[in-house]
Amino acid sequence: MLRLLAVCGLLTIALSMIESEFDFGGDDESVYESLLREQGFSDEDIETFLQEDRETRERTDMEEEEEEYFSWDEAKGYDECEEFKWSRRKHLERKQDWEKQDWKEDDWTDKKKDWVGDNVVDDDLKKDDKEGEKVIEEKKSDDKHVYHGKKKKKGNCKSKPKPLDDICAEYECPPIERLNTSGCGFEARKVLSANWVVTPIDVSDMRRGYKEAFWRLFKYINGANEQDVRIDMTVPVINRWFLDDEYQVTGAEMAFYISSDFQVDPPTPTDEKVRVERWGDAITYDRAFGGHRDDPEYYKRQFTMLWKGLAKENITPYSKMSITAGYTRPGWGRQRKEVMLVDNDSM
């Protein structure tokens, strides 16, 4: 438990320094255009990027309008641990009991105060309430869903992560093998050996360092290489956080998987801070979440549940590195983010 608290606590400190609003302007194209100009891209390149962005957003809107229902387990890619669902279930049970009571007006205020004080909704649901669709509890039936205690047609809560298979049908993902596991709260994968383009994140100034790392890699796949070729964007964007024996963050790096067209002979970067690395096979343990929350406390919560899920299976991951991954365009559409830990034998 001490190791768990140390890793999560110090990772929270590191993540708290990252610019959480680095979302390319959300749906404001002018912000994205300004960012591109700041990075020195030509007018022709900027128009190409903006047009690709428009097409991506239009496609995303259409996909979400036509999106079929999928369960939480389908969205995450694994079965959730029952104890992780406790707060949602308990909240609904107490709310239903409270609503059944024939309260007298005199004790209304005190009872309401007691009920509110004893019930805390999950942080991710609080966030989605701002979007107008806070889900209190998902009811397992064929065509019904519960929103604020009212029955509506079953749909997909905004907090559900976008299914990985849907993402990898649109963008190229690293080759993986899903491993059979009876555990809950995480998915085990074997990430196969491949070439990645990597750059350091300056942990002395996270806000600046994180942005600069991303733009170095973005420029690499858009021609900042000796072959002057453009490489398709892949997912996820990987961030690896390195810890010492005292669980202090000693360094970090960001990485893009190099698309299959260039895997055999990756272009050489022109930026000395960018390098191509061959990563060997590795077993990872992953926990997915959706929504637009990217604050440190939420990441800490996800890492905590990942550690607890692994502990239930007597799995002790490598403790000197933690990974965060983003699969979707920040600030737009359904999201998929993951926290990852690596198996000891893979290091």
Side-chain angles (χ1 to χ4, degrees), residues 11 14-15 18-20 22-24 52-53 56 60 63 75-78 160-179 186-201 210-211 213-218 220-222 231-242 252-263 266 274 276-294 298-299 302-303 306 317 321-343 346:
L11 184 62
L15 290 171
I18 294 177
E19 175 61 69
S20 61
F22 188 43
D23 62 357
F24 306 98
E52 289 176 346
D53 190 57
T56 298
T60 299
E63 289 174 351
K76 292 182 176 182
Y78 50 82
K160 287 182 182 177
K162 188 170 184 176
L164 185 58
D165 289 343
D166 290 354
I167 295 172
C168 295
E170 183 176 357
Y171 294 96
E172 186 173 358
C173 298
I176 65 168
E177 296 176 0
R178 288 185 167 94
L179 304 179
F186 68 93
E187 179 179 69
R189 304 173 187 155
K190 181 178 182 180
V191 183
L192 303 182
S193 178
N195 286 309
W196 293 70
V197 59
V198 184
T199 192
I201 298 173
Y210 192 82
K211 287 183 178 182
F214 176 83
W215 286 118
R216 285 195 294 269
L217 297 184
F218 187 78
Y220 168 78
I221 66 172
N222 283 285
I231 304 170
D232 288 340
M233 183 69 189
T234 61
V235 293
V237 174
I238 291 287
N239 305 304
R240 305 203 299 183
W241 308 90
F242 303 107
E253 60 187 21
M254 183 182 294
F256 291 0
Y257 168 70
I258 297 177
S259 68
S260 56
D261 290 342
F262 295 93
Q263 270 292 314
V274 178
V276 173
E277 289 185 353
R278 182 80 182 179
W279 292 356
D281 292 352
I283 294 174
T284 63
Y285 305 108
D286 316 85
R287 180 173 176 82
F289 54 101
H292 295 281
R293 288 196 62 178
D294 56 7
Y298 199 54
Y299 272 92
Q302 299 301 325
F303 268 112
L306 176 57
M321 181 173 69
S322 299
I323 301 173
T324 56
Y327 285 83
T328 44
R329 184 187 190 278
W332 187 265
R334 186 174 295 282
Q335 299 290 296
R336 184 183 186 89
K337 304 167 189 175
E338 293 182 349
V339 293
M340 304 179 183
L341 296 169
V342 181
D343 188 79
S346 296

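Counting begins at 1 with the first residue of the sequence. As the structure is a computational prediction, the values presented were derived from the model and not from experiment.
Remark: the backbone N or O of K76 is not paired with any side-chain donor or acceptor of E187 at under 3.5 angstrom. Not one N or O on the side chain of R334 forms a donor-acceptor pair closer than 3.5 Å with the backbone of P163. Y257 contributes no side-chain N or O that, together with a main-chain N or O of P175, makes up a donor-acceptor pair within less than 3.5 Å. A donor-acceptor contact shorter than 3.5 Å links the side chain of R336 to the backbone of A75. Judged by distance alone, with hydrogens and angles left aside, the side-chain atoms of T234 form no donor-acceptor pair with the main-chain N or O of S259 at under 3.5 Å. No donor-acceptor distance shorter than 3.5 angstrom exists from the side chain of T324 to the backbone of V339, with no hydrogens or angles considered. In terms of modelled atom types and a separation under 3.5 Å, the side chain of E277 and the main chain of V198 share no donor-acceptor contact. A donor-acceptor pair is defined here as one N or O able to donate and one able to accept, closer than 3.5 Å; such a pair exists between the side chain of K337 and the backbone of R293.
Remark: R240 is not positioned above the aromatic ring of W196, lacking an NZ or CZ atom under 6.0 angstrom from the ring centre and at most 45 degrees off the axis.
Atoms CH2 and NE2, from W332 and H292 in turn, are 9.5 Å apart once rounded to the nearest 0.5 Å. Distance CZ/R189 to OH/Y78: 9.0 Å, rounded to 0.5 Å. The CG atom of L217 sits 4.5 Å away from the CZ atom of F256 when rounded to the nearest 0.5 Å. Considering CD of Q335 and CZ of R329, their distance stands at 9.5 Å, rounded to 0.5 Å. Here the OH atom belonging to Y327 is positioned 3.5 Å from the CD atom belonging to E338, to the nearest 0.5 angstrom.
The aromatic rings of F218 and W215 sit perpendicular, their planes meeting at an angle over 60°, well past the 30° parallel limit.
Nearest heavy atom pair, residue P266 against residue I258, reads CB-CD1, 3.8 Å.
With 3.5 Å as the limit, one finds a donor-acceptor pair spanning the side chains of N239 and Y210. Remark: the D286 side chain and the T284 side chain contain an N/O donor-acceptor pair separated by less than 3.5 Å.
Note: Y298 and F289 meet the aromatic proximity criterion, with ring centroids under 6.0 Å apart.
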